Amino acid sequence: MMNISRQRPPDPPNPEPAVRAGHLTVVRGTRTVLRDLDFAVPRGRITGLLGPSGCGKSTLIRAVVGTQAKVTGTLEVLGRPAGDASLRSRIGYVTQAPSVYDDLTVRQNLDYFAAILDPGRPAADRRDHAVTRAIADVDLTSHAGALAGTLSGGQRSRVSLAVALLGHPELLVLDEPTVGLDPVLRRDLWALFHTIAADRGATLLVSSHVMDEAERCQSLLLMREGRILADDTPDALRARTSTDTVEDAFLHLVDEAAGNTAGKETVR
């Protein structure tokens with residue numbers, strides 16, 4: 001079972017959101033991928049970015065971490081414009097495909113990335129401690145000497161997560177981190193996510209197209225066809241739509257949006 005024991009820093013008074021977007025739009029060719037988005041991601045919590053495949057989740061995540069081209073509107077991350085150089089050491093990013101070198105061991109992978117984050121010979125002891133901690137955080141200590149290419153898909157995903165945890169990121173952005181994993185590993189990863197948020201005070205933005213994972217989040221951004229349908233807590237969404245699950249709430253909002261669109265077309 002993965003475990004992190006850390007003392008959580010005190011919360012600042014009235015903290016600004018970790019991410020704030022205003023009229024955020026991304027156009028790719030002739031297609032508008034993100035449409036005039038306004039939302040905020042609260043600090044120190046797990047925010048789920050939920051929606052069907054192809055709705056724009058990965059594009060939004062790339063915009064947040066500063067790797068998406070042709071972004072208009074405003075997007076502030078940890079108080080700075082998205083993509084600002086000062087954010088590089090403050091954000092951990094885990095892509096859908098595990099970002100590891102198959103011909104290196106787990107520890108060698110982390111040693112390599114740790115050297116990039118904290119270069120120089122005097123930092124060697126500090127890096128070694130960070131690598132050992134990150135491997136333990138994701139419960140891969142017994143596999144530290146194994147080649148990444150010999151690991152299971154879930155284990156490779158955990159190596160990528162360990163890399164993202166090396167620098168104690170204030171914001172951890174995870175693109176579909178649990179898709180395709182077995183139920184036990186999904187449970188353990190979500191337990192780890194909650195521990196990171198609770199004990200370190202980190203903010204997590206986690207995307208998924210699996211609606212039952214919405215129930216594990218503290219706040220939600222529900223997306224469809226490049227738009228934000230809702231920006232609220234799971235409890236508030238269920239209450240607002242008089243439904244029992246977030247999935248039912250999502251379907252209610254989809255139907256509601258479709259009805260509003262049909263109504264506008266009729267008026268025209």
Side-chain angles (χ1 to χ4, degrees), residues 1-4 18-19 34 37 39-62 64 92-98 137-139 152-158 160-161 164-165 171-199 202-258:
M1 182 75 172
M2 288 170 270
N3 182 45
I4 296 178
V19 181
L34 300 181
L37 307 188
F39 65 87
V41 174
R43 287 184 185 256
R45 296 167 65 84
I46 299 176
T47 295
L49 177 60
L50 278 293
S53 297
C55 73
K57 299 189 301 297
S58 291
T59 299
L60 177 53
I61 279 180
R62 288 194 297 269
V64 169
Y93 176 34
V94 179
T95 60
Q96 289 188 35
D137 284 348
V138 299
D139 196 25
S152 68
Q155 290 168 333
R156 286 163 55 84
S157 295
R158 281 190 273 165
S160 291
L161 178 58
L165 292 173
L171 172 64
L172 189 58
V173 182
L174 309 172
D175 194 1
E176 304 267 13
T178 63
V179 171
L181 301 185
D182 67 80
V184 174
L185 183 54
R186 284 178 61 199
R187 179 200 64 191
D188 290 351
L189 279 177
W190 275 103
L192 174 61
F193 299 159
H194 279 276
T195 301
I196 292 169
D199 290 357
T203 302
L204 282 78
L205 178 61
V206 184
S207 76
S208 179
H209 63 260
V210 182
M211 277 295 161
D212 65 1
E213 297 206 315
E215 307 290 348
R216 303 175 186 263
C217 301
Q218 295 161 307
S219 61
L220 294 171
L221 297 172
L222 299 186
M223 284 191 71
R224 180 174 169 82
E225 297 179 346
R227 301 181 186 276
I228 298 291
L229 291 182
D231 176 1
D232 217 329
T233 66
D235 286 345
L237 279 170
R238 288 190 293 266
R240 168 181 154 192
T241 57
S242 301
T243 55
D244 295 326
T245 67
V246 172
E247 181 172 1
D248 288 340
F250 177 80
L251 294 173
H252 176 94
L253 293 171
V254 168
D255 292 342
E256 185 177 74

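Being a predicted model, the structure only gives us computed values, none of them experimental.
Ring-plane geometry between His194 and Trp190 is classed as tilted, the angle between the planes lying from 30 to 60 degrees on a 0 to 90 degree scale.
Gln218 has its side chain out of reach of Thr47: every pair of non-hydrogen atoms, C-beta onward, lies at least 4.5 Å apart. Contact annotation: the side chain of Arg62 never approaches that of Val173 to less than 4.5 Å [non-hydrogen atoms, C-beta and beyond]. Residues Met211 and Leu50 are in side-chain contact: their nearest non-hydrogen atoms beyond the backbone lie under 4.5 Å apart. Within the 4.5 Å cutoff, the side chain of Ile228 has no heavy atoms near those of the Leu222 side chain. For the pair Leu174/Leu172, a side-chain contact is recorded, criterion being any heavy-atom separation below 4.5 Å from C-beta on.
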Between Leu192 and Asp188, is a side chain to side chain contact (heavy atoms under 4.5 Å, CB included) present by the stated rule, with each step listed?
CA-CA 6 Å; Leu192 174 61; Asp188 290 351; over 6 Å; no

Hey, mind stepping through Leu161 and Leu189 against side chain to side chain contact (heavy atoms under 4.5 Å, CB included) and telling me if it holds?
CA-CA 10 Å; Leu161 178 58; Leu189 279 177; 3.8 Å; yes

Could you walk me through whether Met223 and Leu34 pass the side chain to side chain contact (heavy atoms under 4.5 Å, CB included) test, one step at a time?
CA-CA 10 Å; Met223 284 191 71; Leu34 300 181; 3.8 Å; yes

Is there a side chain to side chain contact (heavy atoms under 4.5 Å, CB included) between Leu229 and Phe250? Walk through the geometry before answering.
CA-CA 8 Å; Leu229 291 182; Phe250 177 80; 3.8 Å; yes

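Annotation for Pro234 and Cys217: closest pair CG-O, 3.4 Å, computed over non-hydrogen atoms. Closest approach of Ala164 to Tyr93, counting heavy atoms only: CB-N, 4.1 Å. Shortest non-hydrogen contact noted between Ala40 and Asp231 is N-OD2, 3.3 Å.
Here Arg240 does not pair with Asp235 in a salt bridge; the nearest charged N to carboxylate O distance is not below 4.0 Å.
Atom CZ of Arg187 is separated from atom CG of Asp182 by 9.5 Å, given to the nearest 0.5 angstrom. Once rounded to the nearest 0.5 Å, the distance linking CG of Asp248 with OG of Ser242 reads 11.5 Å. Taken to the nearest 0.5 Å, the CZ atom of Arg158 stands 12.0 Å off from the OG atom of Ser160.
Checked by atom type and distance alone, the side chain of Arg238 never pairs as donor or acceptor with a backbone atom of Thr243 at under 3.5 Å. Side-chain atoms of Lys57 come within 3.5 Å of backbone atoms of Pro52 as a donor-acceptor pair (strictly under, hydrogens ignored).
When Leu220, Leu237, Leu221 are each tested for a side-chain contact (heavy atoms from CB on, under 4.5 Å) with Asp232, only one passes: Leu237.
Residues Ser58 and Gln96 bring a donor and an acceptor atom of their side chains to less than 3.5 Å of each other.
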Do any side-chain atoms of residues 202-210 form donor-acceptor pairs under 3.5 angstrom with protein atoms, and if so which ones, sequence neighbours left out?
unit_1 : atom_1 : unit_2 : atom_2 : d
Thr203 : OG1    : Gly44  : N      : 2.8
Ser207 : OG     : Asp175 : OD1    : 2.8
Ser207 : OG     : Glu176 : N      : 2.9
Ser208 : OG     : Val210 : N      : 2.9
Ser208 : OG     : Glu213 : OE1    : 2.9
His209 : ND1    : Glu176 : OE1    : 3.4
His209 : ND1    : Glu176 : OE2    : 3.3

